[in-house]
Amino acid sequence: MIPDSTPGPPSWRELLGPQHLGAAIVLAGGVLVGAVNIYLASSLLPTAVADIGGAGFYAWNMTIYLVTMVIATMLVSRLLARWGNVGAYRLGFAVFLVGSLACAASPAMPVLLAGRGVQGFGAGVLSGLGFAVIRSALPRRLWTRGNALMSAMYGVGNFVGPALGGLFAQFGSWRLAFVAMAVIAAACCVVVPRVLPRGERSDARAPVPAVSLLLVTAATAAVGLAGVLPGTLAMVGSIVVTLLLVAVFVAYERRSELRVFPRTTYQAGSPLKWIYLTLGLLAFGVAVESFVPLFGQQLGGLPPLAAGLFGAAISLGWSLTQLGSSSATRERTVRRLRIIGPLLLASGFLLQGLLQREDTPTWLVLIWVPVLFIAGSGIGLAYPHLSVAAMSSTPDPEEGRRAAAAIATVTSLSIAFGTAVAGVLVNLGDPSMLDSARYVLFGFAIICAIGAITARAANRSSRPEPADHTPLQQGS
């Protein structure tokens, strides 16, 4: 860990100054390429299908990417122990590069899906590394700023991914989009050893928690199937199976010596489980923006481009707000932000649901943007502080890296689960698009509001640290 030596409160100028700029770019860039590619291929897929066929596999594009991404995030702490910071990052970028080139050269849809799987694995490694390596790449005083920058990349990716994919598809050059991502990965791979500390390496090979990985993989695949299988009953069944698999995973991890999440997560009185649950509920809400363009077109009469921009309002609120909320350092303020965030997210969805109408007038549609922005702001208020709380939950460096890497696991899994649940709610409202929109928005308002309860539990369970620990101190 880099020692804190700069007096005064942490600032963006310090994080983005000469001393830390290179590390910040690599940490944030690794998260960004993974986030961009979640939706990049979705925009390219219609053009790709027209070129190479495989329309029957259309829905598997997102599922395979998210499944391999979640699996990779759970292996990050072991990759760090084996390869160190630089080696693990170069491995992540190299895998992502290979997957991107495979997608670009795909002669048929199965090859494209295989490439997406490899791409997703590399993206998962990079996303997990961003949160894990920050402990050694930046001084503690900049952890909140660094986490805000990285988590903002999820929001930026949700905005840039569809726009970038649409741009390449517009000119019929879907393969070049993947080539561009490969070039970015190659450039980052070259920069990594110049800006990151190498980190500690160990020749001892840590055993892989195979059972835990298998259970989470099965759960991710099951929730992905919920968005692929036809019929509401099949979708609900997939979500029930997912919940059962998650319950079995938690029960197994509590008793096992080989686990994905830190031991602290399962200890009585530890705030870590509540922190992860709150992070998961915030990330769960992001899934709504996948369906906002649908509601905008069907209920508001918006053209596709405008409807897509409306959907990005949640990500925009998330990204911009957390750049400001990361300035909070007072213990009482931080604890309040953790609770206010889920409440604001839920309130935004509730209000958005109340604003839905058949043939919505233009003036009312325009109100959707600030409401969705406010909903996304709830994520931005709480997410960076919860991330640092997870990183600070244990003094043990190895457990700390595992706790940090698990942030990406929780985020990716929650977005996948939220997308599946939103799909079920949309189907429940069929054939009325108004009912579908209200089911999604009201349902997510209720679910995300639970985050205020888990955040409160995290505040109660946490213990104050010495006064010289900044920027985030866990309070009782």
Side-chain angles (χ1 to χ4, degrees), residues 4 9-12 14-15 27-28 31 130-132 134-135 138-155 264-265 270-286 317-346 375-394 400 403-408 410-411 414 448 450-476:
D4 295 332
S11 66
W12 287 109
E14 182 182 354
L15 175 64
L27 296 175
V31 176
F131 292 99
I134 192 174
R135 290 175 57 92
L138 298 175
R140 184 186 176 95
R141 57 186 279 105
L142 293 177
W143 283 3
T144 303
R145 296 287 192 184
N147 271 284
L149 181 63
M150 285 189 297
S151 56
M153 295 302 101
Y154 284 108
T264 315
T265 309
S270 169
L272 193 53
K273 56 181 172 293
W274 301 115
I275 292 169
Y276 284 147
L277 282 171
T278 310
L279 281 168
L281 289 164
L282 289 171
F284 183 92
V286 177
W318 174 8
S319 301
L320 294 182
T321 303
Q322 66 188 352
L323 297 179
S325 73
S326 61
S327 301
T329 59
R330 292 184 58 189
E331 174 65 22
R332 182 176 296 180
T333 302
V334 166
R335 288 171 52 179
R336 287 176 177 171
L337 289 176
R338 294 181 197 170
I339 297 174
I340 292 172
L343 288 177
L344 194 59
L345 178 63
S377 298
I379 304 174
L381 287 178
Y383 196 99
H385 299 293
L386 289 163
S387 298
V388 174
M391 292 168 53
S392 309
S393 60
T394 173
I407 296 169
V410 170
T411 300
S414 296
C448 293
I450 298 172
I453 300 174
T454 57
R456 189 175 182 85
N459 286 342
R460 288 177 174 175
S461 301
S462 58
R463 293 174 295 181
E465 296 180 358
D468 60 343
H469 282 192
T470 58
L472 174 64
Q473 304 166 16
Q474 289 179 286
S476 56

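Looking at Glu14 and Arg141, a side-chain N of the basic residue comes within less than 4.0 Å of a carboxylate O on the acidic one, giving a salt bridge.
Although no hydrogens or angles enter the test, the distance criterion places no donor-acceptor pair under 3.5 Å between the side chain of Trp274 and the main chain of Arg460. A distance-only check finds no donor-acceptor pair linking the side chain of Asn147 to the backbone of Ser387 [under 3.5 Å]. Between the side chain of Ser319 and the main chain of Ala152, a donor-acceptor pair closer than 3.5 Å is present. No donor-acceptor pair closer than 3.5 Å links the side chain of Arg338 to the backbone N or O of Arg456. Remark: the backbone N or O of Leu381 is not paired with any side-chain donor or acceptor of Gln322 at under 3.5 angstrom. The backbone N or O of Thr333 lies less than 3.5 Å from no partner atom in the side chain of His385, so there is not a single donor-acceptor pair.
Shortest non-hydrogen contact noted between Leu281 and Cys448 is O-SG, 3.7 Å. When all heavy atoms of Leu27 and Gly130 are compared, the pair lying nearest together is CD2-O, 3.9 Å. Here the closest non-hydrogen pair linking Leu386 and Ile275 is O-CG2, 3.3 Å. Summarising the geometry of Gly146 relative to Leu138, their closest heavy-atom pair is CA-CD1, 4.2 Å, with the distance given to 0.1 Å. Residues Val286 and Trp318 share a closest heavy-atom pair of CG2-CZ3, 3.5 Å. For the residue pair Tyr383 and Thr411, the shortest heavy atom distance occurs at OH-OG1, 2.5 Å.
Among the candidates Leu149, Leu15, Val388, the single residue satisfying the side-chain contact (heavy atoms from CB on, under 4.5 Å) test with Thr144 is Val388.
Among residues two or more places apart in sequence or in another chain, the side-chain hydrogen bond (donor to acceptor under 3.5 Å, both in side chains) test is passed with Thr321 by Ser377.
Residues Thr265 and Ser270 form no side-chain contact, since every pair of their non-hydrogen atoms from C-beta on lies 4.5 Å or further apart.
Taking OG of Ser326 as the start and CH2 of Trp12 as the end, the distance is 4.0 Å to the nearest 0.5 Å.
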Kindly determine whether Lys273 and Thr454 satisfy side-chain contact (heavy atoms from CB on, under 4.5 Å), including the steps that lead there. CA-CA 9 Å; Lys273 56 181 172 293; Thr454 57; over 6 Å; no
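In this model, no donor atom of one side chain and acceptor atom of the other lie less than 3.5 Å apart for Thr264 and Ser393.
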